[in-house]
Amino acid sequence: MVVSFPDGSSREYPEGTTALDIARSISQGLARKALVCRFAGGLMDLAAPLPGDGALEILTFDDPEGRDAMRHSASHLLASAVQKLYPGTRLGIGPAIEDGFYYDMDIPGFPGGEALEAVEAEMRRQAAADLPFVRREIGVEEARRIFSERGETCKLELVEELAARGEPLSVYQHGDFLDLCRGPHVPSTGRIRHFRLLSVAGAYWRGDEKNAMLTRIYGTVFDSPAALAEHLRLLEEARRRDHRRLGQELGLFTTGGDGGPGLIYWLPDGAIVREELERLWKDAHRSQGYRLVVTPHIAPSGLWKTSGHYDYYRDNMYFLPVDDGEYVLKPMNCPGHIIVFRSAKRSYRDLPLRLAELGTVYRHEKSGVLHGLMRVRGFTVDDGHIFCTPDQIIDEVKSVVRFALYFLGIFDFGYSIELSLCDPGNMCHYAGDASQWCLAEPALARALDEMGEEYRTVKGEAAFYGPKIDIKLRDAIGRFWQGPTIQFDFNIPARFDLTYTGPDGGEHRVFMVHRALFGSLERFIGNLVEHYAGNFPGWLAPLQVIILPITSAQHEKALETASGFRAAGLRCSVDRRSETVAFRIREAENRKVPFMLVIGDREAASGAVSLRRHGEGDQGSMPVGQALDLILSACRRPDLPDGGEFQSAEIR
RNA sequence: GCCGGCGUAGCUCAGUCGGCAGAGCAGCGCACUCGUAAUGCGCAGGUCAUCGGUUCGAUUCCGAUCGCCGGCUCCA
């Protein structure tokens with residue numbers, strides 16, 4: 001048979017040759033690193049004889065499919081170790097996931113997290129035994145027999161489902177452990193060496209809360225000790241940066257307890273960060289031609305019936321009785337902006353009309369999903385709605401994307417863009433008519449193309465009310481977060497019958513774009529805290545300068561210097577406590593104050609200060625004026641985005 | 001919402017197999033006047049989350065409630 005390779009070459013091999021044989025014939029190194037292979041388009045075990053002619057690709061941990069096979073194999077190893085230690089364990093599923101694997105099991109008498117070490121030790125024993133993963137294809141009858149003998153009720157459920165869909169069944173075995181599994185797997189347990197079990201959690205069978213709760217054990221696996229150590233270090237780093245911990249340590253916010261779960265109380269220092277962000281946001285929006293509006297927190301429920309939220313979103317809404325009627329605490333800002341739009345008859349000359357608001361909304365999130373600043377019940381959306389004509393779409397989308405990237409640039413976030421389109425085979429599930437989608441979808445893509453931005457297109461991921469662009473932001477340690485989002489809405493303009501008068505004198509349906517750049521201020525600040533590990537850039541730092549007189553003899557000088565700095569617009573305080581300089585420096589470092597000015601006799605006498613930068617240490621002594629200039633430029637607010645074309649005079 | 005874990009001083013956490021509640025930091029007072037990441041001494045601080053039960057006696061055991069943490073899409 002003839003096998004071809006990714007480099008374009010091909011060779012002839014005898015029948016029954018396996019990918020592992022071929023890997024060995026190429027190099028021992030490749031054979032050692034090889035995990036699975038792709039043959040004629042499908043993934044296969046290395047140990048399986050190749051079924052005929054075809055293109056072969058040998059996959060290692062460097063390939064996503066190789067990684068998945070390693071992770072998935074590790075999950076089998078985990079399950080077999082648990083079954084050995086806890087006889088009677090019933091298996092759920094155990095897939096590879098991003099960064100690792102898990103296995104869901106019903107484990108009789110499982111003591112929880114404290115058992116992980118013992119399970120890991122058993123996994124190492126089985127790995128050391130280097131048991132081969134053996135694949136066998138079986139019929140439905142045999143599958144039923146095998147899994148009912150073993151009391152594997154979950155597996156039986158899967159067998160029936162797969163049989164009903166007519167899919168072939170296969171099992172994998174290593175040692176005594178047998179699992180229903182599509183594969184592929186790495187050749188043997190000996191390949192699984194650099195792993196660690198991480199946590200235990202409950203998880204419903206098939207993710208459905210009506211089903212039984214199984215025990216889920218999470219782990220991770222790599223191809224080298226260094227890669228595993230690096231991953232564990234990253235996890236530790238993430239814990240260190242946790243915004244809940246830093247929020248407490250730095251006195252930024254508090255939540256939960258008496259204050260109510262999912263509600264954020266901004267402490268004075270956190271409020272400064274938020275205020276600075278809001279100020280920049282407002283100024284930047286004005287510069288981009290947005291009109292800022294303010295809309296109420298509550299509105300009669302009729303408004304929400306028109307918008308459709310009342311029917312589709314009511315589980316997440318808070319209701320309040322007002323007089324004889326029912327009001328709703330707003331879960332979204334759009335209806336408010338629609339009332340603003342409708343407050344006057346609109347002409348095509350008014351468009352695009354860009355409305356924006358830092359609008360605080362309340363949504364009843366399930367108690368179990370609440371998480372620090374990231375998932376809350378009350379939050380402020382940096383909301384904007386653009387009302388425009390069809391031929392303005394491309395320019396508007398471009399300007400919003402450019403605007404979003406301006407903010408990401410300010411904070412040194414990386415990003416990746418996703419374009420979510422409808423599923424063309426399923427148009428009945430979507431609001432608006434096909435002509436609107438046909439206009440908007442290519443316009444979104446074209447806007448991105450014209451800007452030269454790379455993006456991933458995901459069909460079927462659009463909201464029912466319109467296509468959207470999502471920008472994921474990548475933080476300093478490589479994690480992705482939900483970032484700016486730009487969404488078309490074909491639903492609401494129709495529900496509220498929003499129109500404008502065209503040049504032809506007729507009424508036309510207005511196009512509406514919903515966009516948020518931070519998403520929510522709460523979540524965004526949470527992202528910033530973790531991104532910067534609490535070390536805010538100068539302009540956001542709650543306290544920018546702290547002055548440390550060495551003895552009380554310099555107090556007056558210190559106060560005088562501080563008031564000069566404050567007059568220059570800096571947030572500056574003096575630490576006059578009767579503590580050693582070392583102690584006060586330690587505190588200022590822990591508070592992550594970017595600049596510390598030490599004033600002793602020498603400085604006081606010569607009009608100098610000794611400058612110390614957070615995390616960098618002593619910068620030496622310099623004249624006060626020089627220190628002030630240096631700090632002012634380090635704490636300067638970012639420039640506004642270009643917006644020359646939006647002089648206020650041009651806004652009608 | 002559900003499963004599991006947790007809830008002790010402002011914060012971080014010990015402890016009590018049922019018998020007067022502990023430390024460090026923070027706070028307050030006193031002394032110290034100090035040169036780049038913790039000066040010393042003292043004082044104060046608690047309905048042991050809340051409510052109910054068992055008990056001679058509950059912070060400890062049991063139950064409920066509230067809150068926090070981990071997880072509940074990633075298809076054998």
Side-chain angles (χ1 to χ4, degrees), chain A residues 68 72 75-76 79 91-104 110-114 143 147 152 154-163 165 167-172 178-183 198-218 242 244-245 248-249 251 254-262 315 364-372 548-555 576-591 596-603 610-621:
Chain A
D68 278 357
H72 184 57
S75 86
H76 276 220
L91 303 176
I93 58 168
I97 54 172
E98 200 184 331
D99 291 338
F101 59 90
Y102 68 77
Y103 215 111
D104 285 348
F110 190 67
E114 69 216 51
F147 291 107
E152 296 286 8
C154 294
K155 294 294 181 189
L156 280 171
E157 201 180 312
L158 295 171
V159 166
E160 292 311 325
E161 248 184 56
L162 293 165
R165 274 191 274 150
E167 292 190 33
L169 299 175
S170 56
V171 293
Y172 273 82
L178 179 108
D179 195 0
L180 178 69
C181 180
R182 180 176 48 196
L198 296 173
S199 62
V200 180
Y204 298 105
W205 168 235
R206 323 210 76 177
D208 186 335
E209 60 186 64
K210 289 192 284 295
N211 289 337
M213 175 73 62
L214 302 175
T215 300
R216 171 173 297 182
I217 300 179
Y218 282 95
D242 191 315
R244 293 166 301 181
R245 173 199 172 112
Q248 159 76 20
E249 280 173 15
T254 183
T255 180
D258 288 347
D315 286 350
H364 183 91
E365 301 286 353
K366 289 184 190 175
S367 62
V369 305
L370 302 175
H371 181 88
L548 309 171
I550 288 185
T551 72
S552 46
Q554 297 90 36
H555 279 184
R576 281 184 293 171
R577 290 175 303 169
S578 166
E579 300 285 355
T580 61
V581 191
F583 177 85
R584 286 174 290 157
I585 283 178
R586 180 183 155 80
E587 287 220 326
E589 288 284 354
N590 287 340
R591 283 178 70 186
M596 288 150 268
L597 300 180
V598 177
I599 302 183
D601 272 336
R602 291 201 296 273
E603 289 80 8
S610 171
L611 180 75
R612 185 187 166 96
R613 286 187 87 133
H614 170 58
E616 294 174 27
D618 193 355
Q619 310 286 301
S621 157

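The model shown is predicted, which means the values in this text are computed figures rather than measured ones. Every chain is numbered from 1 and lettered A, B, ... according to where its sequence line falls, protein lines coming before strand lines.
No engagement by Val159(A) is indicated, since no non-hydrogen atom pair under 4.0 Å with the nucleic acid exists.
In this structure, the ring pair (Phe, Tyr, Trp, His ring centres under 6.0 Å) partners of His364(A), at least two apart in sequence or on a different chain, are Tyr318(A). Residues that satisfy the side chain to side chain contact (heavy atoms under 4.5 Å, CB included) test with Leu158(A), not counting sequence neighbours, are Ile93(A), Lys155(A), Leu180(A), Trp205(A), Arg206(A). The side-chain hydrogen bond (donor to acceptor under 3.5 Å, both in side chains) test applied to Glu160(A) returns Arg144(A), not counting sequence neighbours. Contacts of Ser367(A) classified as side chain to side chain contact (heavy atoms under 4.5 Å, CB included), with partners at least two apart in sequence or in another chain: Arg377(A). Every residue meeting the ring pair (Phe, Tyr, Trp, His ring centres under 6.0 Å) condition with Tyr172(A), not counting sequence neighbours, appears here in chain and number order: His185(A). Under the rule for a side chain to side chain contact (heavy atoms under 4.5 Å, CB included), Gln248(A) has no partner lying at least two apart in sequence or in another chain. By the side-chain hydrogen bond (donor to acceptor under 3.5 Å, both in side chains) test, Asp601(A) pairs with Gln554(A), sequence neighbours left out. The ring pair (Phe, Tyr, Trp, His ring centres under 6.0 Å) check on Tyr103(A) picks up nothing, with sequence neighbours excluded. For the side-chain hydrogen bond (donor to acceptor under 3.5 Å, both in side chains) test, residues two or more places apart in sequence or in another chain that qualify with Arg165(A) are Glu167(A).
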Do any N or O atoms of the protein come closer than 3.5 Å to N or O atoms of nucleotides 8-14 of chain B, and which pairs are they?
from: C11(B); atom 1: O3'; to: Gln248(A); atom 2: NE2; distance (Å): 3.4

Its contact letters, B for base, S for sugar-phosphate only and - for none at protein heavy atoms under 4.0 Å, make nucleotides 33-46 of chain B read BBBBBBB-------

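With pairs defined as Watson-Crick or G-U wobble and both atom distances under 3.5 Å, the stems of at least three pairs that touch RNA chain B come out as B:1-7 with B:66-72, B:10-13 with B:22-25, B:27-31 with B:39-43, B:49-53 with B:61-65.
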